[in-house]
Every structure is written in C-alpha cells, then in structure tokens.
Amino acid sequence: MAKWLMKSEPHVYSWDDLVRDGETDWDGVRNNAARLHLRAMREGDEAFFYHSNADKAVVGIMRIAGAQKPDGPDGAWVKVPVQPVRKLPRPVTLAEIKAEPKLAAMELVRQSRLSVSPVREEEWALILEMSAGA
DNA sequence: GCCAACGTTGGC
DNA sequence: GCCAACGTTGGC
C-alpha cells in the first residue's frame, strides 16, 4: 500500500472537519503533478493529513476509501474519497521535518507548493516515531 | 517554441 | 506583508 501526504488549510477544511464528516471527497486539486498522484492512489492507501498555513504540521492519518472520481464537469480533474483513521498522538511540525536529515528528500520539503505528494515507507515510519515521541 | 508577465501557494 | 518557487498565459 502506498503512502501519501495531502495538504489542507485548516480554516478551509481541517482534520476535525473530516472526523465530523466521517468521509469526504478530496477535491479541488488543480495542479498537474498533484493530479498524477491522485490518479495513482488506490483504495486502502494511507495518507497524512497536513495542515498548511497556521499549523504547518502533520496532524492525522486518513485512508483512501474508494476509487477516484471525476472532479468538475469536463472530467479533466479527479477527486478521491478519504476517511479519517486516527489522529497523531502529537502533531509533527514542518520545522521538525525540516530539521530531520532523513526527511530531507520528502516532496513536502523539496516542493513546498505541491498539495498532494508521495511519502516513502521509511519517511512514514519515522514521522510516526517522531509523533509518538522518543 | 521561447520567454516575460502574471497569478497562486505557502513559508517566514 | 513579503517573497520564493512554480505554473500558466500570451505575445512574438
């Protein structure tokens, strides 16, 4: 199962909103690189929920809950259904991620504007460790 | 097909 | 509020 990271501004749609809704379609992505990642997602993949702007932190884990669907009338863009899995014990901030040399290759760091990006297994595991607190 | 201008995202 | 990094648009 692949791992991903998806960004949202918390004042627009937050982790708590997702928990309240139970499931939502991750839509509105209008960037080609992000679209390619959305298309590569499969049901059962997991993704970090990242709060951009105010928080700048990974706050939770969600699950891709089904197949991608067209987003918009012409079908050029796609959206995927996601469900909350669990909140992280503690948010892992962008500052912490940038301070960790093992995470320097993350797309989150390398291309900060990309709203949907892949996460390597070892990066995923390390962020979970950081959240659990060493 | 190149590139300057402009718009957007998101960190600081 | 500013600016860097990108993406897109449009003139040539």
Side-chain angles (χ1 to χ4, degrees):
Chain A
M1 290 298 171
K3 302 289 195 290
W4 309 94
L5 181 145
M6 300 160 90
K7 293 182 181 181
S8 181
E9 297 186 34
H11 74 92
V12 176
Y13 195 84
S14 70
W15 170 260
D16 288 340
D17 292 328
L18 178 60
V19 170
R20 180 201 61 212
D21 293 344
E23 175 171 329
T24 197
D25 283 336
W26 201 276
D27 61 6
V29 172
R30 294 294 182 271
N31 168 280
N32 191 55
R35 171 171 57 183
L36 291 174
H37 296 316
L38 283 180
R39 297 191 68 93
M41 289 180 183
R42 296 293 176 261
E43 182 172 359
D45 285 358
E46 288 185 316
F48 283 135
F49 193 122
Y50 176 87
H51 279 173
S52 60
N53 282 350
D55 282 11
K56 282 165 288 185
V58 176
V59 295
I61 296 172
M62 51 192 170
R63 175 183 178 276
I64 309 307
Q68 59 191 261
K69 302 173 247 186
D71 181 17
D74 58 359
W77 301 99
V78 296
K79 59 186 178 182
V80 297
V82 296
Q83 294 171 344
V85 174
R86 62 192 159 92
K87 193 173 184 174
L88 292 189
R90 180 182 74 74
V92 176
T93 66
L94 180 63
E96 291 176 86
I97 290 171
K98 284 188 166 176
E100 172 51 65
K102 290 176 188 163
L103 298 176
M106 280 190 78
E107 300 306 311
L108 173 70
V109 176
R110 301 186 52 163
Q111 197 177 336
S112 66
R113 284 182 46 206
L114 191 56
S115 61
V116 180
S117 62
V119 177
R120 295 168 187 83
E121 288 293 341
E122 60 271 26
E123 294 164 347
W124 181 274
L126 181 53
I127 287 171
L128 291 183
E129 276 179 39
M130 290 163 72
S131 178

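Naming: A, B, ... by sequence-line order, numbering from 1 per chain. If you're wondering where the values come from, they're calculated on a predicted model, not measured in any experiment.
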* Asked: Does A:E122 have any salt bridge (charged side-chain N to carboxylate O under 4.0 Å, His left out) partners at least two apart in sequence or in another chain, and if so, which?
  ->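 None.
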* Tell me, please, which residues at least two apart from A:D71 pass salt bridge (charged side-chain N to carboxylate O under 4.0 Å, His left out). =>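 Partners of A:D71 under the salt bridge (charged side-chain N to carboxylate O under 4.0 Å, His left out) test: A:R30.
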* For A:E43, check side-chain contact (heavy atoms from CB on, under 4.5 Å) against everything at least two apart and list the hits. =>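 Applying side-chain contact (heavy atoms from CB on, under 4.5 Å) to A:E43 gives A:R63.
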Which donor-acceptor pairs under 3.5 Å do side chains of residues 98-108 of chain A form with protein atoms, sequence neighbours excluded?
unit_1 : atom_1 : unit_2 : atom_2 : d
A:E100 : OE2    : A:K102 : N      : 2.9

Which atoms of nucleotides 9-11 of chain B (N or O only) lie under 3.5 Å from a protein N or O atom, and what are those distances?
unit_1 : atom_1 : unit_2 : atom_2 : d
B:dG11 : OP1    : A:Y50  : OH     : 2.8
B:dG11 : OP2    : A:N53  : N      : 3.0

* Interatomic distance where CD belongs to A:E107 and C1' belongs to C:dC6 [whole Å] ->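 Rounded to the whole Å, the gap is 14 Å.
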* Asked: Just checking A:R110: base, sugar-phosphate only, or nothing, at a heavy-atom cut-off of under 4.0 Å?
  ->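 A:R110: backbone/sugar contact only, no base atoms under 4.0 Å.
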* **salt bridge (charged side-chain N to carboxylate O under 4.0 Å, His left out) contacts in which one or both residues fall within residues 13-24 of chain A, not counting sequence neighbours** =>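 Checked against salt bridge (charged side-chain N to carboxylate O under 4.0 Å, His left out) - neighbours excluded - the pairs reaching residues 13-24 of chain A are A:D17-A:R20.
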